[in-house]
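We name chains A, B, ... by the order of the sequence lines, and we start the count at 1 in each one.
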Protein chains: 2
Amino acid sequence: MVRGKIQIKKIENTTSRQVTFSKRRSGLFKKAHELSVLCDAQVAAIIFSQKGRLYDFASSDIQKTIKRYAEYKGEYFVAESHPTEQYVQGLKKEMVTMVEKIEMLEVHNQKLMGRSLAFCSLKELQEIATQIEKSLHIVRSRKAKLYEDEVEKLKAKERELKDERVRLSGRVGEEPSGMPSGSKEKEDVETDLSIGFPKSRS
Amino acid sequence: MVRGKIQIKKIENTTSRQVTFSKRRSGLFKKAHELSVLCDAQVAAIIFSQKGRLYDFASSDIQKTIKRYAEYKGEYFVAESHPTEQYVQGLKKEMVTMVEKIEMLEVHNQKLMGRSLAFCSLKELQEIATQIEKSLHIVRSRKAKLYEDEVEKLKAKERELKDERVRLSGRVGEEPSGMPSGSKEKEDVETDLSIGFPKSRS
DNA sequence: TTGACTATGTATAACGT
DNA sequence: TACGTTATACATAGTCA
């Protein structure tokens with residue numbers, strides 16, 4: 001029994017509020033449905049309860065209704081971070097550029113590797129050959145340089161060891177003995193060191 | 001005055017339907033508002049009239065409500081062509097792959113061109129040198145083949161011309177004359193054709 | 001269109017169970 | 001918590017202005 005006009009303000013009693021919510025919610029949805037049928041309208045209603053639970057009603061597909069709303073209002077209902085069409089276009093453009101670059105590099109690579117030459121003109125072949133010769137020259141020089149450095153390092157080490165040996169002999173005050181023979185007659189250590197297999201060990 | 005219970009079905013009379021639409025719509029919005037206040041709920045309602053006109057109500061910001069709905073349902077209400085976050089992630093992943101490929105190709109290219117060798121080991125240098133030598137061999141072979149083909153073509157042409165000359169001479173019934181001298185003693189036409197500038201024209 | 005009027009149907013607040 | 005009941009408040013169909 002209704003005691004009188006109710007005030008439209010938040011119902012403080014939790015139970016009462018929940019009951020009212022449930023009843024009025026279904027009442028609202030009923031009214032929404034009736035409106036949609038009687039007047040041939042597209043109706044959608046969304047309700048979040050205080051607890052955050054979702055209730056919805058739609059006379060047709062709610063997604064369609066919301067999309068229609070979005071189009072009508074010219075708005076997207078999307079997360080803040082959602083990418084724009086423009087941004088994606090930018091990405092795609094970048095990708096096209098990258099694909100082109102990859103193709104270009106692959107073709108170049110192929111040619112430098114001596115493949116896919118079937119449609120090269122003589123002139124082009126000549127250019128490629130020149131480039132390759134140049135490359136080969138550089139690589140060989142670099143290789144030679146590395147060898148040299150290696151040899152230098154080893155020579156330095158040998159010299160160091162020899163000095164050490166002399167110093168030790170001096171301290172002991174004896175003639176060097178028990179040292180590998182033949183170390184004195186060979187002044188040029190270079191002949192003693194070589195890349196590859198050692199000649200022999202005496 | 002209401003004559004009796006009304007049927008919940010489309011009102012055929014246009015005027016009546018429009019009036020009912022207007023009244024029930026405001027009634028619905030009023031109920032929605034009351035529900036939101038009484039029960040502290042978030043309510044939104046969207047109505048499209050039969051004519052396609054939009055009416056909406058929301059207890060708070062309707063955009064927020066719809067966004068909340070979208071998040072709750074895990075859906076975007078966006079135009080068909082609008083890119084999803086997932087799609088963009090896919091693109092970005094592809095781009096990373098492409099960037100890596102480009103870097104790899106560039107490094108390879110650089111090495112084949114004899115550049116950026118500073119940090120190559122001897123072993124690596126040796127491999128590069130071997131590859132380059134192989135490439136050079138292939139390119140030179142290809143070049144040689146092209147030269148040969150060219151020469152073959154020219155020889156064939158010369159032979160053809162010679163045959164033609166002989167036939168013409170036979171028809172005229174005379175000793176060939178006015179022909180370039182020395183064409184008979186030279187059986188090997190190869191010496192007569194060369195790549196580059198012609199030696200001379202007699 | 002829009003707003004009033006009003007008889008009547010409906011929704012629902014306050015209770016029970 | 002959820003469902004009946006019921007007295008009331010509210011909504012609204014039909015009508016007129």
Side-chain angles (χ1 to χ4, degrees), chain A residues 1-62 65-66 68-69 71-74, chain B residues 1-62 64-66 68-69 71-73:
Chain A
M1 311 86 183
V2 182
R3 254 186 266 274
K5 240 179 125 150
I6 61 154
Q7 303 287 316
I8 300 301
K9 64 172 188 180
K10 183 175 171 181
I11 298 166
E12 293 305 333
N13 181 289
T14 308
T15 309
S16 175
R17 189 172 61 239
Q18 283 177 352
V19 171
T20 296
F21 177 73
S22 176
K23 286 183 176 178
R24 279 183 174 261
R25 170 167 45 80
S26 62
L28 186 73
F29 286 167
K30 188 181 172 201
K31 290 268 179 205
H33 171 251
E34 288 177 2
L35 176 60
S36 75
V37 173
L38 287 169
C39 307
D40 197 23
Q42 190 175 358
V43 183
I46 297 169
I47 303 174
F48 283 99
S49 72
Q50 200 188 15
K51 287 182 184 170
R53 185 154 172 199
L54 170 69
Y55 303 85
D56 62 10
F57 165 85
S59 59
S60 57
D61 182 11
I62 191 162
T65 306
I66 293 177
R68 189 174 174 191
Y69 178 86
E71 279 158 25
Y72 195 100
K73 289 275 192 173
Chain B
M1 310 84 180
V2 182
R3 257 185 262 276
K5 241 178 122 149
I6 60 153
Q7 303 285 316
I8 300 301
K9 64 173 188 180
K10 182 174 171 180
I11 298 166
E12 293 304 334
N13 181 290
T14 308
T15 310
S16 175
R17 188 171 62 240
Q18 283 176 353
V19 170
T20 296
F21 177 73
S22 175
K23 286 182 177 178
R24 279 184 173 260
R25 169 167 45 80
S26 61
L28 187 73
F29 286 166
K30 189 181 171 201
K31 290 268 180 207
H33 171 252
E34 287 177 1
L35 175 60
S36 75
V37 174
L38 287 170
C39 307
D40 197 22
Q42 190 175 357
V43 183
I46 297 169
I47 302 173
F48 282 99
S49 72
Q50 199 188 18
K51 287 183 185 170
R53 184 155 171 199
L54 170 69
Y55 302 85
D56 62 9
F57 165 84
S59 60
S60 56
D61 181 12
I62 191 164
K64 272 189 196 159
T65 306
I66 293 176
R68 190 175 174 190
Y69 179 87
E71 280 158 24
Y72 194 101
K73 289 275 192 176

Do any side-chain nitrogens or oxygens of Lys31(B) fall under 4.0 Å of OP1 or OP2 in dC10(D)?
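Checking Lys31(B) against dC10(D): no side-chain N or O falls below 4.0 Å of OP1 or OP2.
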
Using a cut-off of strictly less than 4.0 Å, decide whether Lys30(A) has a side-chain nitrogen or oxygen near OP1 or OP2 of dA11(C).
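Yes, because at least one side-chain N or O of Lys30(A) sits under 4.0 Å from OP1 or OP2 of dA11(C).
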
Spatial distance of atom CZ (Phe21(B)) from atom CD1 (Ile47(B)) [nearest 0.5 Å]
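Going from CZ on Phe21(B) over to CD1 on Ile47(B), the span is 5.5 Å.
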
Whole-Å distance between [N] [atom2] and [X] [atom1]?
{"X": "Asn13(B)", "N": "dT15(D)", "atom1": "CG", "atom2": "P", "value": "11 Å"}
{"X": "Lys10(A)", "N": "dA13(C)", "atom1": "NZ", "atom2": "C1'", "value": "19 Å"}
{"X": "Lys5(B)", "N": "dT12(D)", "atom1": "NZ", "atom2": "P", "value": "16 Å"}
{"X": "Leu28(B)", "N": "dT10(C)", "atom1": "CG", "atom2": "P", "value": "17 Å"}
{"X": "Phe21(B)", "N": "dT1(C)", "atom1": "CZ", "atom2": "P", "value": "11 Å"}
{"X": "Arg25(A)", "N": "dA11(C)", "atom1": "CZ", "atom2": "P", "value": "15 Å"}
{"X": "Gln18(B)", "N": "dT15(D)", "atom1": "CD", "atom2": "C1'", "value": "17 Å"}
{"X": "Gln7(B)", "N": "dG9(C)", "atom1": "CD", "atom2": "P", "value": "13 Å"}

Given the rule in the side-chain contact (heavy atoms from CB on, under 4.5 Å) test, do Arg25(B) and Phe29(B) qualify, once you have shown the distances and angles that lead to the verdict?
CA-CA 6 Å; Arg25(B) 169 167 45 80; Phe29(B) 286 166; 3.8 Å; yes

Quick one: label Thr20(B) by what it contacts on the DNA or RNA (base, sugar-phosphate, nothing), any heavy atom closer than 4.0 Å.
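The residue Thr20(B) makes sugar-phosphate contact but no base contact.
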
Looking at Arg17(A), Gln50(A), Lys51(A), which one forms a side-chain hydrogen bond (donor to acceptor under 3.5 Å, both in side chains) with Asp40(B)?
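That would be Gln50(A).
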
Which is more 5' along DNA chain C, the nucleotide nearest Lys23(A) or the one nearest Glu34(A)? Just name the residue.
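The 5'-side residue here is Glu34(A).
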
First encountered from the 5' end of DNA chain C, between Leu38(B) and Ser22(B)
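Residue closer to the 5' terminus by nearest nucleotide: Ser22(B).
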
Minimum heavy-atom distance Phe48(B)-Ala41(A), with the two atoms named
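Between these two residues, the closest heavy atoms are O-CB, 3.2 Å.
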
Residue Val19(B), side-chain heavy atoms: nucleotide from dT10(C), dT1(C), dT2(C) that is nearest:
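The closest nucleotide is dT2(C).
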
Which residues pass the side-chain contact (heavy atoms from CB on, under 4.5 Å) test with Arg24(B), sequence neighbours left out?
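With sequence neighbours excluded, Arg24(B) shows a side-chain contact (heavy atoms from CB on, under 4.5 Å) to Lys31(A), Glu34(A), Leu35(A), Leu38(A), Ile6(B), Thr20(B), given in chain and number order.
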
